[in-house]
Amino acid sequence: MIALERVRARAGGFELHDITFAVPSGGWGVVIGPAGSGKTTLLETIAGLLPATAGRVIIHGEDHTRTPPEHRGLGIVYQHGYLFPHLSVRENIAYGAVDRATADDLASRFGVAALSDRSVASLSGGERQLVAAARALARRPKVLLLDEPFSALDPRSRIAARRALRALHAHRAFTVLQVTHDFSEAGSLGDLAMVLDGGRLVQQGPPEDVFRKPATPFIADFLGAENVFAGTVSDASTDDETAAVEFTTGALTFYAVGVQAGSTTHAVLRAEEVVLSTGMPATSMRNHFGGRIADIVFDGALAHVTVDVRGTPIVAAITARSARELALAEGHEVVVSFKATALHLC
Amino acid sequence: MRAVAGIAVAVVASLFLLFILGPVAGLVAAGGADGVRSLASDTELRSSLWLTALTATIATLLGVIGGTPIAYLLARRSFRGRALLAALMDLPLVIPHPVAGIALLLVLGRASAVGSVFYELGLRVVGSPAGIVCAMLFVSAPLYVSAAHEAFARVDARYESVARSLGDDAWRAFRRVTLPLAGRGLTAAALVMWARAVSEFGAIVILTYNSKVASVLSYDRFTSFGLHETLPVAAALVLLALIPLAAIRALRRADPLSR
């Protein structure tokens with residue numbers, strides 16, 4: 001378990017402010033945030049490589065705020081690997097290993113056993129990351145801190161590395177805190193997702209909630225929510241905490257369900273929640289708007305369709321196959337639909 | 001126009017190079033052979049070179065022992081007064097060396113508090129090889145600290161962080177990771193210090209005229225016997241200085257951080 005209680009830390013002119021969260025034992029926490037938001041500083045503070053200036057760092061129930069890094073029982077894998085250049089690949093993996101067999105096993109699991117006698121200088125960026133992961137795990141840490149550990153790998157190798165890591169995680173049940181820029185990875189891996197910005201934890205919760213219900217327009221934008229609307233809430237019931245409301249943005253009024261947040265707010269609508277049809281559908285969805293297709297971008301199996309609805313662009317993410325079957329093209333008229341519950345007010 | 005500018009730069013650079021190399025090459029050409037021959041026959045020159053090498057080595061060892069922690073501190077830690085400490089370490093580089101010798105004489109002379117304590121303990125600094133070591137250490141240690149600082153700064157602190165996360169305490173991480181990675185830079189720094197110590201004259205001549213190190217001997221022969229008698233000593237000193245220079249070049253080629 002990793003728990004931070006109002007932790008503050010300073011790295012140069014940068015500061016972490018009152019960070020509080022808890023990743024359960026054997027859990028997988030994911031930290032996301034823009035560059036310079038303090039993600040690496042957070043990991044280094046947990047690792048004891050940077051001193052916490054306030055608060056407590058709890059690892060597996062024990063207060064390790066003042067414990068030296070070597071006694072915290074954790075491993076850290078940096079994006080750049082930081083393999084020791086004066087040692088061979090084998091010597092790197094064996095550096096802190098509990099025993100030789102574990103080091104060899106990890107080298108095999110991450111597919112770097114054949115590189116054992118090579119010098120570090122001859123490795124590619126991706127190979128370095130694999131060796132760095134094997135090296136950290138060979139110590140059998142109770143907590144693993146990962147800072148973009150597989151970012152330099154090609155997609156196929158990345159999948160294999162993640163699979164190896166997940167298998168080890170399932171087997172050894174260590175606790176993981178991972179920094180990532182890959183939102184799909186964050187959504188699929190984590191028990192807890194945290195968003196850092198400017199050294200502050202601006203949102204945390206189950207990944208599904210963080211992605212579907214971003215706390216602020218900034219988070220929504222950062223997390224890649226395609227539709228973020230500024231507008232006003234009206235017809236809000238004051239009887240219940242959660243109420244049916246109307247959200248007006250530009251010339252459009254959406255039906256939504258949300259907490260009354262004052263007269264001005266934002267609404268977030270993920271593109272995957274938007275349904276396109278060529279005629280008015282008969283569904284339980286409360287929001288239907290006719291519009292004209294302004295743009296279609298195909299991205300592998302997906303198509304991102306931007307529909308101009310009375311001057312307001314609404315993006316829908318549908319499968320490329322659907323786009324072809326509906327014969328969608330720029331300039332065509334379509335109906336945009338989404339449920340009131342798909343609209344998140346923040 | 002660009003071609004003319006290029007030619008002008010090349011001419012200026014060549015003249016500058018000639019200005020640096022010309023006197024040294026001329027000296028070696030004029031006295032090099034005699035210098036090598038004198039090593040066999042001139043016992044004063046031989047013992048002077050031996051004294052120079054020995055005192056420079058002792059001074060360098062003391063510089064390494066005292067300067068390495070300071071260089072590491074300057075490279076790794078940020079603390080109040082860091083800039084002041086760095087400036088103070090550079091101070092001996094900007095003081096005229098005879099003045100440095102006078103300053104040392106004030107501190108280490110028999111009349112001073114420190115010097116009198118040494119004297120009571122039977123240690124005579126002024127006028128002895130210990131004085132030569134002190135003078136060499138004072139004027140050349142800043143070069144070591146500066147170059148060692150650079151050597152440590154070139155090693156990313158995160159290598160140490162990783163080593164700590166892999167179970168090393170601070171000292172072990174330093175010994176197993178930082179030292180091997182900075183090792184060549186530190187050795188080069190020590191060689192630079194040694195070479196500077198070997199060539200020191202101004203501070204030594206104030207503290208210890210006798211026994212004579214090679215630089216003092218060359219001065220002594222020049223003032224006593226003239227240029228011709230000085231040439232072998234001077235050429236031998238130049239040849240001695242080439243050893244650390246060649247070693248520094250070889251170390252730079254083998255640096256793991258430059259791969």
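Reminder, nothing fancy here: chain letters follow the sequence lines and each chain counts from 1. Small disclaimer: the values here were computed from a predicted structure and weren't measured.
- Residue-environment remark: CZ (F174(B)) exceeds the threshold of 12 foreign heavy atoms within 6.0 Å.
- Both the backbone and the side chain of S161(B) come within less than 4.5 Å of a heavy atom in chain A.
- More than 12 heavy-atom neighbours from other residues, nucleotides or ligands sit within 6.0 angstrom of CZ on R118(A).
- Counting non-hydrogen atoms of neighbouring residues, nucleotides and ligands closer than 6.0 angstrom, the CZ atom of R175(B) exceeds 12 such neighbours.
- The 12-atom threshold is not exceeded at CZ of R10(A), counting heavy atoms of other residues, nucleotides or ligands nearer than 6.0 Å.
- The shortest distance between side-chain heavy atoms of E70(A) and D169(B) falls below 4.5 Å.
- With sequence neighbours left out, R72(A) forms a side chain to side chain donor-acceptor pair (under 3.5 Å) with no residue at all.
- The environment of R6(A) atom CZ is sparse: at most 12 non-hydrogen atoms of other residues, nucleotides or ligands sit within 6.0 angstrom.
- Interface residue T40(A): only side-chain heavy atoms are found under 4.5 Å from chain B.
- Heavy-atom proximity under 4.5 angstrom to chain B picks out R135(A), A136(A), R139(A) from residues 126-150 of chain A.
- Both tests pass for R176(B) against the ring of Y95(A): distance under 6.0 Å to the centre and angle within 45° of the axis.
- The minimum heavy-atom distance linking R164(B) with L49(A) is given by the pair CB-CD2, 4.0 Å.
- Residues P180(B) and F84(A) fail the side-chain proximity criterion, which asks for heavy atoms closer than 4.5 Å.
- A salt bridge is defined here as a Lys NZ or Arg NE, NH1 or NH2 lying under 4.0 Å from an Asp or Glu carboxylate O, and R158(B) with E44(A) meets this definition.
- The neighbour count for F79(B) CZ, taken as heavy atoms of other residues, nucleotides or ligands under 6.0 Å away, is above 12.
- Once rounded to the nearest 0.5 Å, the distance linking CD1 of I93(A) with CG of L166(B) reads 11.5 Å.
- Ring planes of Y82(A) and Y159(B): perpendicular class, angle over 60° (limits at 30 and 60°).
- For A157(B), no part lies near chain A; criterion is any non-hydrogen pair under 4.5 Å.
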